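Just below is one structure, and these are the notes that go with it.
All of these numbers come straight from a predicted model, not from anything done at the bench. Numbers for residues simply follow the sequence, beginning at 1.
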Amino acid sequence: MAKNTICLWYNGDAEEAAGFYAATFPDSAVTAVVRAPGNYPDGKEGDVLVVEFTVAGIDCIGLNGGPAFKHSEAFSFQIATEDQEETDRYWNAIVGNGGKESDCGWCKDKWGLSWQITPRVLSEALKANPAEAKRAFDAMMTMQKIDIAKIEAARRG
């Protein structure tokens with residue numbers, strides 16, 4: 001286990017979420033499933049308590065802690081994409097699996113975890129000269145899923 005690991009709180013479905021992430025993103029896997037050795041406030045002995053997994057190279061733990069805490073946009077995974085096909089694939093996988101679209105490349109999976117599906121072209125545009133960055137930013141502000149062709153057109157003016 002890594003020295004620093006992201007711990008994500010789930011309401012009994014950490015194993016399902018980890019399996020989805022492992023099937024969706026490269027360099028991702030479910031690495032361990034730990035069952036509760038005894039009863040606990042939101043589960044019983046033998047229930048899946050903790051799932052260790054990797055999402056795009058980031059070590060995570062899914063804790064089945066119950067309904068007390070919900071995910072929010074204060075934490076998100078940002079997935080850098082190379083082209084529209086990859087952007088579409090990840091966006092559609094998350095939204096098509098019970099997730100929800102949001103603005104500016106953000107979406108939520110069915111467990112409430114936020115994702116930023118961000119083409120590298122957009123990240124580069126926002127670091128360009130101020131006028132080019134502003135045009136790309138203004139274009140992004142009108143989008144849900146990022147349209148790379150529109151970002152590139154905005155950069156050109």
Side-chain angles (χ1 to χ4, degrees), residues 1-126 136-137 139-148 150-151:
M1 179 186 294
K3 189 169 193 79
N4 185 13
T5 304
I6 295 170
C7 183
L8 302 167
W9 188 283
Y10 291 90
N11 185 16
D13 45 15
E15 188 173 18
E16 179 188 1
F20 172 76
Y21 306 146
T24 302
F25 299 101
D27 196 18
S28 301
V30 175
T31 54
V33 176
V34 178
R35 298 193 176 275
N39 294 339
Y40 59 104
D42 285 295
K44 61 185 185 318
E45 181 178 341
D47 286 352
V48 173
L49 179 63
V50 171
V51 180
E52 296 177 10
F53 58 100
T54 305
V55 176
I58 304 292
D59 290 332
C60 300
I61 292 174
L63 172 65
N64 281 327
F69 301 109
K70 306 288 183 217
H71 296 289
S72 80
E73 290 80 2
F75 175 88
S76 64
F77 281 107
Q78 185 178 48
I79 303 294
T81 59
E82 302 302 326
D83 55 31
Q84 194 66 52
E85 179 184 355
E86 187 179 23
T87 301
D88 293 349
R89 182 172 63 248
Y90 296 144
W91 181 274
N92 294 340
I94 291 167
V95 172
N97 187 48
K100 294 185 173 135
E101 296 179 330
S102 191
D103 296 326
C104 304
W106 288 65
C107 56
K108 275 189 182 180
D109 65 28
K110 76 181 208 175
W111 301 279
L113 188 62
S114 292
W115 297 81
Q116 298 176 62
I117 308 302
T118 309
R120 291 188 192 278
V121 166
L122 173 60
S123 298
E124 292 164 5
L126 295 175
F137 179 81
M140 176 199 70
M141 293 298 292
T142 68
M143 299 177 189
Q144 288 187 311
K145 177 176 63 178
I146 302 300
D147 182 323
I148 291 175
K150 289 181 181 177
I151 295 296

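Nearest heavy atom pair, residue Ile117 against residue Cys107, reads CG1-SG, 4.2 Å. Across all non-hydrogen atoms, the minimal contact from Asn64 to Asn11 is OD1-C, 4.3 Å. Between Asp42 and Pro67, the shortest heavy-atom contact is OD1-CD, 3.5 Å. In this structure, Asp103 and Gln144 approach most closely via the heavy-atom pair OD1-CG, 3.7 Å. When all heavy atoms of Ser28 and Ala56 are compared, the pair lying nearest together is OG-N, 2.7 Å. Closest heavy-atom contact between Asp27 and Thr54: O-CG2, 3.5 Å.
Taking CG of Asn97 as the reference point, atom CD of Glu16 lies at 7.5 Å (rounded to 0.5 Å). The structure places CG of Asp88 at 8.0 Å from CD of Glu85, a figure rounded to the nearest 0.5 Å.
For Trp115 and Tyr21, the ring centers are positioned less than 6.0 Å apart.
With contacts defined as side-chain heavy-atom distances shorter than 4.5 Å, the pair Tyr10/Val51 does not qualify. At least one side-chain heavy atom of Leu8 sits less than 4.5 Å from a side-chain heavy atom of His71.
Judged as a side-chain hydrogen bond (donor to acceptor under 3.5 Å, both in side chains), and not counting sequence neighbours, Arg35 has no contacts. With sequence neighbours left out, Gln116 forms a side chain to side chain contact (heavy atoms under 4.5 Å, CB included) with Ser76, Gln78, Trp106, Thr118. Residues passing the side-chain hydrogen bond (donor to acceptor under 3.5 Å, both in side chains) test with Lys70, sequence neighbours excluded: none.
The aromatic rings of Phe25 and Tyr90 sit tilted, their planes meeting at an angle between 30° and 60°. The aromatic rings of Phe20 and Trp111 sit tilted, their planes meeting at an angle between 30° and 60°.
The backbone N or O of Gly96 sits nowhere less than 3.5 Å from a side-chain atom of Asn92 that would complete a donor-acceptor pair.
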